[in-house]
Asker: 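Below: one structure in structure tokens.
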There are 2 protein chains.
Amino acid sequence: MPSRAPLREKASPAPVRNPVRNYDRRLSEILRCATEVFCDKGFAAASIRDISRASGSSLAGLYYYFKSKDHLLFLIQQEAFSSLIAGLEKKLTGVRDPELALRTFIANHLEHFVGNPKQAQVLSHESDTLKGPYQEEITALKRKYYRQCVSLVEQLKQTRQLRGLNSRLAVLSLFGMMNWIYTWYNPAVDGDWKGIADPMAAIFLNGVLGGANRIDK
Amino acid sequence: MPSRAPLREKASPAPVRNPVRNYDRRLSEILRCATEVFCDKGFAAASIRDISRASGSSLAGLYYYFKSKDHLLFLIQQEAFSSLIAGLEKKLTGVRDPELALRTFIANHLEHFVGNPKQAQVLSHESDTLKGPYQEEITALKRKYYRQCVSLVEQLKQTRQLRGLNSRLAVLSLFGMMNWIYTWYNPAVDGDWKGIADPMAAIFLNGVLGGANRIDK
DNA sequence: AGCGTTATGGAACGAACGTTCGTTAACAGC
DNA sequence: GCTGTTAACGAACGTTCGTTCCATAACGCT
């Protein structure tokens, strides 16, 4: 007669000590697994069953932590954007010089993107996947972040008297450079984020400051 | 007693005059419709039924033109890449100056991407969707295109003696700028490709040439 | 008139999908 | 010891998916 208890290999039925902490910990564990699955297969091609497998939960058990597949992607993107913005505001306090501020902006962005490549890919690749209220909330975060960068470029434009500069195009080009990284970054070839942030900031800043302004200085 | 013929509203059973031409014409029509659907919903989320609806074919009728959904995406990407590369080689013949060649490269890329935004989005957004032999063939085209750009940057690096320049990072940053356009381009705001190509080429070329080199000139 | 090729469509297949239902342990507070 | 909450699960629902089978027109050629 076989014993029954040892057969359970899946997430065991919770030795709940601190109820609130346990929920949060398990949720972020699930978000981490789901991020990996979405990164590998893409949101639409990934199934809840894939995430169930990756996280060790049952199919039904997952729905205790999110309302729908869309809601799950929303939670991932919201957390990713929030930590990106939080890191930025912390590093930007007290920085007055626009050029230094832009270098800080770029460094923060790349630190996040190169340090969490899977999260970065889900942010970049699935940035237009959601629809309705979820998308609106993410778009609001994205717009806030975009505007902050435009503001820095406009400050630079004013202090350096760059009359011809198209701030919108400059900022969107910068975002292109940085967000595209998820398609090519290879730590063995490209090193960590510091080795990318400086040359990329150099290209962008030389790019918008232009040749002429260097002579004046 | 109702007549029967007028009830047929769908693609009528082919007044075949020139068999070869008809096949090609219908195929590119289907590719165009499929591009639109893939662009709007993403490859994985788009169904063959969506493409059937958009192209006016029946579900089964489509499979006369491609072997599988993956094959359909392959055909789209192959055609897009081929015309991109063909346009480039035509415009680049006889151009000796590396800077001018790079401006030409950028102009050709943006002309294609801004002129065919839906095709561009499918190329960029689904660049890693296929697997196996299809992906290998597309990757080969992509690598050829990438190498051509690297070669131009290295020529620039040599003639201008830019010792510190990381060609790989520079080219991938340029591709980032250009390919990211599909996420933000709005003809009403940004105008046609000419208004984007020049400022973006300026950012890139000033960026890699750096401030110092301009003083020498 | 008859035949092979080109081109198309209706109907169906099995598989996989997101989600829900009802149930069940484990624990906390009383 | 009882009760409500937390956390998890197996099984199933109805739907949609990519793909295939088979039939059938229209045409070019003989």
Side-chain angles (χ1 to χ4, degrees), chain A residues 4-5 7-30 33-34 37-38 41-75 129-131 134, chain B residues 4-30 33-34 37-38 41-75 129-132 134:
Chain A
R4 288 199 69 196
L7 288 178
R8 297 192 125 285
E9 296 244 32
K10 295 196 172 181
S12 54
V16 185
R17 286 181 207 149
N18 188 328
V20 181
R21 290 286 181 109
N22 259 21
Y23 176 88
D24 288 349
R25 184 154 41 217
R26 184 72 181 129
L27 174 59
S28 62
E29 220 172 279
I30 288 171
C33 294
V37 174
F38 287 159
K41 313 186 77 167
F43 174 77
S47 72
I48 301 288
R49 283 164 178 85
D50 290 330
I51 293 160
S52 146
R53 225 170 290 129
S55 67
S57 266
S58 71
L59 202 51
L62 287 174
Y63 281 84
Y64 183 70
Y65 290 93
F66 50 82
K67 296 209 289 274
S68 67
K69 195 187 175 191
D70 279 4
H71 184 221
L72 173 59
L73 178 58
F74 168 75
L75 290 175
T129 301
L130 293 173
K131 306 291 168 200
Y134 290 146
Chain B
R4 287 199 71 197
L7 288 177
R8 296 193 127 283
E9 296 243 32
K10 296 195 172 183
S12 54
V16 185
R17 285 178 208 153
N18 187 327
V20 181
R21 289 287 182 106
N22 258 22
Y23 175 88
D24 289 349
R25 185 157 38 218
R26 184 72 181 127
L27 173 59
S28 62
E29 218 172 279
I30 287 171
C33 294
V37 173
F38 288 158
K41 312 186 81 169
F43 174 77
S47 71
I48 301 289
R49 284 163 178 86
D50 289 331
I51 293 159
S52 147
R53 226 169 289 129
S55 67
S57 267
S58 71
L59 203 49
L62 287 173
Y63 281 83
Y64 184 70
Y65 291 94
F66 50 83
K67 296 210 289 275
S68 66
K69 195 187 174 190
D70 279 4
H71 185 219
L72 172 59
L73 178 58
F74 168 76
L75 290 174
T129 301
L130 293 174
K131 306 291 168 201
Y134 291 145

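In what follows, every chain begins at residue 1, and chains take the letters A, B, ... in the order their sequences are listed. Here the structure is a predicted model, which is why all the values come from computation and not from measurement.
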Asker: Residues of residues 61-68 of chain B with any non-hydrogen atom less than 4.0 angstrom from an atom of DNA chain C: list those, numerically ordered, please.
Answerer: B:G61, B:Y64, B:Y65

Asker: Nearest-Å distance, CG (B:L27) to C1' (C:dT8)?
Answerer: 15 Å

Asker: Under the salt bridge (Lys or Arg N to Asp or Glu O under 4.0 Å) definition, can you give me all pairs with a residue in residues 58-68 of chain B, not counting sequence neighbours?
Answerer: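 Qualifying pairs: none.
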
Asker: With the threshold set at under 4.0 Å for non-hydrogen atoms, list the residues of residues 43-51 of chain A touching DNA chain C in residue-number order.
Answerer: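 Those residues whose heavy atoms fall under 4.0 Å from DNA chain C, taken from residues 43-51 of chain A in numerical order, are A:A46, A:S47, A:I48, A:R49.
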
Asker: From the options D:dA7, C:dG10, D:dG18, select the nucleotide whose nearest atom is closest to the side chain of B:S58.
Answerer: C:dG10

Asker: For A:F38 versus A:K69, what's the shortest heavy-atom pair and its separation?
Answerer: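 Here A:F38 and A:K69 meet closest at CE2-CE, 4.4 Å.
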
Asker: To the nearest angstrom, how far is B:K69 atom NZ from D:dC17 atom C1'?
Answerer: 8 Å

Asker: Looking at residues at least two apart in the chain, or sitting in another chain, which of them share a side chain to side chain contact (heavy atoms under 4.5 Å, CB included) with B:S47?
Answerer: B:R49, B:D50

Asker: Of all the heavy-atom pairs spanning A:S57 and A:R26, show the shortest one and how long it is.
Answerer: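 Heavy atoms only, the tightest pair is OG-NH2, 2.9 Å.
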
Asker: Figure out the CG/P separation between B:N22 and D:dG28, and round it to whole Å.
Answerer: 10 Å

Asker: Are B:F66 and B:I30 side-chain neighbours, meaning at least one heavy-atom pair lies under 4.5 Å?
Answerer: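 A side-chain contact under 4.5 Å exists here.
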
Asker: Applying ring-ring contact (aromatic ring centres under 6.0 Å, His included), can you list everything that pairs with A:Y134, at least two apart in sequence or on another chain?
Answerer: A:H71, A:F74

Asker: Going by the rule side chain to side chain donor-acceptor pair (under 3.5 Å), which residues pair with B:S52 if we only count those two or more places apart in sequence or in a different chain?
Answerer: none

Asker: To check you understand the geometry: which heavy-atom pair defines the closest contact between A:D70 and A:L130, and what is its length?
Answerer: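 That closest heavy-atom pairing would be O-CD2, 3.5 Å.
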
Asker: Measure from CD on A:E29 to C1' on D:dA8 and round the result to the nearest Å.
Answerer: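 Distance check: A:E29 CD to D:dA8 C1' gives 14 Å.
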
